[in-house]
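Before any comments, here is the structure.
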2 protein chains.
Amino acid sequence: MAQGGPNTSSGENLLFLTDEQLRKGIEAMFFAYRGFTADPDRILEEYGYGRAHHRALHFINRSHGTTVNNLLTTLGVTKQSLNRVLRGLIEDGLVEARVGRTDRRERNLFLTEKGQELERKLAEAQRVRMRAAYRAAGPQAVAGFRQVLEAMMDDDIRQTYHSLKDGR
Amino acid sequence: MAQGGPNTSSGENLLFLTDEQLRKGIEAMFFAYRGFTADPDRILEEYGYGRAHHRALHFINRSHGTTVNNLLTTLGVTKQSLNRVLRGLIEDGLVEARVGRTDRRERNLFLTEKGQELERKLAEAQRVRMRAAYRAAGPQAVAGFRQVLEAMMDDDIRQTYHSLKDGR
DNA sequence: TTGGAATGTCAACAAGGCTGACATAACATT
DNA sequence: AATGTTATGTCAGCCTTGTTGACATTCCAA
């Protein structure tokens with residue numbers, strides 16, 4: 001589909017984008033996101049957690065010792081909303097909040113052994129599907145997939161995404 | 001599709017997929033979906049509607065005269081959940097529910113002029129971002145994007161997606 | 001000492017999922 | 001004609017996860 005094709009006469013790589021084609025892309029995003037979250041959701045249900053808990057676990061694991069404020073901006077929710085989720089995870093012993101060394105107002109967040117266990121389980125379930133999709137589509141498709149997703153992000157979110165890109 | 005690349009020495013098209021690469025893809029999906037819904041969300045807020053209303057409007061527009069049951073399975077929610085949303089849209093005169101001709105138990109759903117107006121507004125906002133992302137990434141990337149998304153769907157959802165593919 | 005930043009907490013609310021139960025109406029079958 | 005099934009709507013209640021607003025505490029920094 002769409003490799004240059006009959007509609008590119010100039011050097012500019014102009015895409016021939018009908019509303020119909022865009023609509024297909026929109027629907028694909030909608031349906032694919034459902035698949036994307038389906039497997040973790042099933043696991044979370046067993047534990048009595050929701051998607052918000054998964055996201056918290058993911059980004060705490062991603063950035064050991066991150067602060068609440070950091071997590072807030074990454075997740076794009078209010079502190080009250082995050083706090084409720086975090087409180088549950090701390091009470092259940094999946095997350096530990098240590099008082100900051102340099103700034104003692106801050107809380108540095110860490111996963112406990114138990115927290116790492118659940119995170120691994122969720123991540124692996126999600127990776128299995130992702131891996132299958134990548135394999136089915138092939139390496140070129142994967143590169144394109146990532147390019148389009150990145151271009152779809154809000155500018156400030158893309159910053160966040162890149163700052164996470166190479167871990168820390 | 002997917003002609004090898006540097007990592008394929010065998011006939012099998014083996015991708016070199018590290019957990020790190022998969023994680024980047026997972027995070028890209030998360031952040032991109034936020035961008036994907038951001039523009040319509042802002043419009044919906046002005047009208048006092050939510051994302052659920054957008055989805056209903058989209059698929060009713062997509063398939064004029066579809067039944068409640070059809071919409072239910074497409075959206076993947078319960079009838080109670082959909083009914084609440086639908087009731088609001090009907091009361092506000094955006095959606096019309098006509099008694100079925102052949103089977104009078106069914107309700108065929110249509111957008112009114114007013115409903116089409118909002119749908120167009122939402123769709124155009126979403127298309128603007130999609131179009132920009134497609135342009136930025138290029139036609140090959142777009143093809144890959146769609147391939148990976150499709151591979152990520154649940155099998156039964158992929159059926160639904162395809163049945164919608166060529167219009168009604 | 002005082003201002004402001006970071007965090008936590010309480011309360012209230014809303015959207016939008018869910019389940020269960022029940023009511024109609026209409027079609028289908030016996 | 002009676003019965004069963006299907007499509008839909010509706011009521012009630014519950015959950016998660018988002019929101020705002022208000023206020024307390026802690027503690028860094030000027």
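Heavy atoms only: backbone and side chains are in, while hydrogens, waters and symmetry mates are out. All chains are named by letter (A, B, ...) in the order of the sequence lines, taking the proteins before the strands, and each is independently numbered beginning at 1. As the structure is a prediction and not an experimental result, all values here were calculated from the model.
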key: Under 3.5 Å donor-acceptor pair, A:Arg84 side-chain atoms to C:dG8 base atoms   = no
task = Classify the side-chain pair A:Asp92/A:Tyr49 by whether it contains a donor and acceptor separated by less than 3.5 Å.
result = yes
Near-strand residues of residues 70-77 of chain B, defined as heavy-atom separation under 4.0 angstrom from DNA chain C = B:Gly76, B:Val77
request  = Let me know the distance between CZ of A:Arg98 and C1' of C:dA6, rounded to the nearest Å.
outcome  = 19 Å
message = What does the B/S/- profile of nucleotides 21-30 of chain D look like, 5' to 3', with a 4.0 Å heavy-atom cutoff to protein?
response = BB---BBS--
task = Mind calculating the distance between CZ (B:Arg87) and C1' (D:dT8) to the nearest angstrom?
result = 12 Å
request  = Return yes if some donor-acceptor pair links the side-chain N/O of A:Arg34 with the main-chain N/O of B:Met153 below 3.5 Å, else return no.
outcome  = no
message = Hydrogens and angles aside, do A:Arg107 and A:Thr67 bring a side-chain donor and acceptor to less than 3.5 Å of each other?
response = no
Nearest-Å distance for atom pair CG/P, residues B:Leu86 and D:dT8 = 10 Å
key: Rounded distance in Å - CD (B:Glu91) to P (D:dG9)   = 12 Å
task = Please work out whether the ring planes of B:Tyr33 and A:Tyr33 are parallel, tilted or perpendicular, with thresholds of 30° and 60°.
result = parallel
key: Side-chain heavy-atom pair B:Leu149, B:Met29 within 4.5 angstrom cut-off   = yes
query = Atom CG of B:Asn83 to atom P of C:dC18: distance rounded to whole Å?
reply = 13 Å
Closest nucleotide among C:dG8, D:dT8, D:dG18 to the A:Val68 side chain = C:dG8
request  = Specify the closest pair of heavy atoms between B:Met152 and A:Phe145, including all atoms of both residues, with the distance to one decimal.
outcome  = CE-CZ, 3.7 Å
message = So does A:Gly93 get a backbone contact from the side chain of A:Thr112, meaning a donor-acceptor N/O pair under 3.5 Å?
response = yes
key: d(CD, B:Glu106; C1', C:dA25) in whole Å   = 13 Å
request  = Give a yes/no on whether any side-chain N or O of B:Asn69 is located under 4.0 angstrom from OP1 or OP2 of D:dT6.
outcome  = no
query = Is there a residue in residues 40-51 of chain B whose heavy atoms reach under 4.0 Å of DNA chain C, and which residues are they?
reply = B:Gly50, B:Arg51
request  = Take the angle between the ring planes of A:Phe59 and B:Phe31 and call it parallel below 30°, perpendicular above 60°, tilted in between.
outcome  = tilted
query = When you check the side-chain N and O atoms of B:Glu119 and B:His54, is any donor under 3.5 Å from an acceptor?
reply = no
ask   = Does a nitrogen or oxygen in the side chain of B:His53 sit under 4.0 Å from OP1 or OP2 of C:dA15?
value = no
request  = Kindly say if B:Thr78 contacts the phosphate of C:dG17, meaning a side-chain N or O under 4.0 Å from OP1 or OP2.
outcome  = no
message = Can a donor-acceptor pair be found, under 3.5 Å and without considering hydrogens, that links the side chain of B:Arg62 to the backbone of B:Leu164?
response = yes
ask   = Within this structure, what is the CG-to-C1' distance between B:Leu82 and D:dT8, rounded to whole angstrom?
value = 11 Å
inquiry  = Treating A:Thr73 as the side-chain partner and A:Asn70 as the backbone partner, does any N or O pair qualify as donor plus acceptor under 3.5 Å?
reply    = yes
ask   = Have B:His162 and B:Glu150 got a donor and an acceptor in their side chains that come within less than 3.5 Å?
value = yes
